[in-house]
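Labels below follow one simple rule: chain letters A, B, ... track the order of the sequence lines, proteins then strands, and each chain is numbered from 1.
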Amino acid sequence: MRKITRYTSLAWNFFVFSTKSLMEYRLNFILQILHGPAYVGMMYGILSLAFDRAGELGGWSKTEGVLLFLSFQLLYVIGIVVFLKGVRHFLWEGLRRGDLDMMLTKPVNTQFIVTFSKPDVQQLPLLAAITVFFVRQVWVMQELFTLQSVLLFAVSFTLGLILMYLSSSTLMTLGFKMTRASQVIEFFDKTSDFAQYPTSIFPVSLRWFAFTLIPIAFFGYVPTSFLLGKEIWWFLPSEILLMVILFFINQKAWKEGLKHYSSASS
Amino acid sequence: MQKYWLVFFSSFQDVLTYRADLFLSTFKYAGMVLMMTFVWLAVESSNPGSTFSQSETITYFVFSAMLYSLSNMHPWYIEDDIRLGHLTKYLVKPISPLGYYVSFETAKVVVETLMKVVILLPALILLNAWTPPSLQHILLATVFAPLIFLFSFTFLSLISIFTFWFTEIYSLRWALTSTNRFLAGTLIPISFFPEAFQNVSFYLPFQHLAFTPIRLLQGEMTVPVGLQSLGILAVWLIVFTLLRSFIWRQGLRHFEGTGL
């Protein structure tokens, strides 16, 4: 219990520190919040146009598609705010500049400090906006949901977030092996964009990837399927199984990576 | 001119030093654009009034992936040079900073575009998915390539130059890159948009960065319309070049060698 309190307090301090350093330049802060909404707006524009042309995509109507879009964006922006910026910083410059040396000297789990030390506070307004749109969409469609479907959605959504953390922080360990590995996280980022479409529209071979190696189906499609009662019986067991497998791979990759790391940047 | 060639070759060598990084950076965007093929194939198969055939959709996005490197760049180094005061090293030498930057970026763009052309074009031909249009169409589409690059670089470096006044500008640059991607037709063919939008879009520079050359390569646009589009893009390039020069001069007045 003490450990949990200590790490929660540490994460909160990272958050407060990031907010303070961002607010130092307020005009910059205002400019920096532009990118997220522009990108989400563009992705929504594409999705909306796609549904307007097709009527239905992969067995999903436009209202269902919008719910899937918002559910994925909610999960993804939480990921960005909490840990994805840390992952990106580590791969772009943290590892090469030797920031890891400093982190290794601290009496805190290295993986924790790497992933949670750079919360993306500037995306909080975007997170708030997406939450409002998501709640509104759920409200509009409330007649379709049951208590069971909402609970299953909550479980699947949480598992999806954990899977996103595990897959991104496992990919991050490639940084220990490559001199310049910044594009690894960008590749993950770009692939994740396709989690906002019903996975059923992709060919079977790509669907297999989406449920295993790059588990983007669990970032939006699976949780929303639970909410809409469109789930298949193996969704939840496979989500749990994948999480367990990824956890072990993640721990192994980190141990191996740190063994490989030669300090003073690589 | 020779010094800019040297910058080009030095950047070329730098790009080729980190090959895994180059491969991932080239194909992350190509992959993103190619994945859009599946989205639009699903859309068009469900749409009874579809205007795009299956092969047309595939070739559209393969060409879009190929051309994307020409308009997708991130001149963050300009922002760093201004912010950290590194710009001084160019100002005290007989070299134009903007000339240096454009030579530096050209190498990366050339390598990335060639890599995609070498891999994707034979794939299109081998799969029999693309029937080459007339030589005039291909030549005209090729003429678009340097203009697409120059316009995109001018546009994005113009945004970066605002670092003279705002310390961090990357978010605005990213926001405009996303908008550019949307309006250029990289992820959605412009012909899927409402007609009123298409009419306005023709006179803006963005659709000529992707949609127009792709339709030329597909043989779906006439050469006179292509030439008109090329003229529009050239005019926008001149306008943005003049604007950038003006803002650059204003920014330099604001600059101190110690950084901002």
Among residues 57-66 of chain A, residues within the sub-4.5 Å heavy-atom range of chain B, in order of number, are A:L57
Out of B:V39, B:L176, B:T179, return the one with the most heavy atom pairs under 4.5 angstrom to chain A.
B:V39
I would like to know whether B:R181 and A:Y39 meet side-chain contact (heavy atoms from CB on, under 4.5 Å); could you show each step before the answer?
CA-CA 10 Å; B:R181 208 179 278 172; A:Y39 194 72; 3.6 Å; yes
Could you walk me through whether B:L187 and A:M42 pass the side-chain contact (heavy atoms from CB on, under 4.5 Å) check?
CA-CA 10 Å; B:L187 303 173; A:M42 178 191 80; 3.9 Å; yes
Using a heavy-atom cutoff of under 4.5 Å, enumerate the residues of residues 207-223 of chain A that contact chain B, numbered in order, or state 'none'.
none
Side chain, backbone, both or neither: which part of B:L172 has a heavy atom under 4.5 Å from chain A?
both
Heavy-atom count check: over 12 atoms from other residues, nucleotides or ligands less than 6.0 Å from B:F246 CZ?
no
Counting neighbours of OH on B:Y203 that are heavy atoms of other residues, nucleotides or ligands and sit closer than 6.0 Å, is the number greater than 12?
no
Gap separating the OH atom of A:Y44 from the CZ atom of B:F182, nearest 0.5 angstrom
11.5 Å
Looking at A:F187, A:F194, A:F51, which one has more heavy-atom pairs under 4.5 Å with chain B than the rest?
A:F194
CA sep, side-chain torsions, deciding dist, call: B:E44, A:R53, side-chain contact (heavy atoms from CB on, under 4.5 Å)
CA-CA 8 Å; B:E44 293 310 284; A:R53 277 183 81 82; 2.9 Å; yes
Would you say A:F134 has more than 12 foreign heavy atoms packed within less than 6.0 Å of its CZ?
yes
What do you reckon, is CD of B:Q54 surrounded by more than 12 foreign heavy atoms closer than 6.0 Å?
no
Measure distances from B:F192 to the heavy atoms of chain A and classify the residue's part below 4.5 Å as side chain, backbone, both or neither.
both
By a 4.5 Å heavy-atom criterion (distance strictly below it), what part of A:L206 contacts chain B: side chain, backbone, both, or neither?
side chain
Quick check: are there more than 12 heavy atoms from other residues, nucleotides or ligands sitting under 6.0 Å from CG of B:N199?
yes
Under 4.5 Å heavy-atom distance to chain A, tell me which part of B:Y170 shows up: side chain, backbone, both or neither.
side chain
Does B:F8, at its CZ atom, have more than 12 non-hydrogen atoms belonging to other residues, nucleotides or ligands within less than 6.0 Å?
yes
A:K177 atom NZ: more than 12 heavy-atom contacts under 6.0 Å:
yes
Would you mind checking which part of A:E56 comes under 4.5 Å of any heavy atom in chain B, side chain (CB onward), backbone (N, CA, C, O), both or neither?
backbone
Verdict with supporting geometry, B:M36 and A:Y197, side-chain contact (heavy atoms from CB on, under 4.5 Å)
CA-CA 10 Å; B:M36 285 310 292; A:Y197 300 102; 3.8 Å; yes
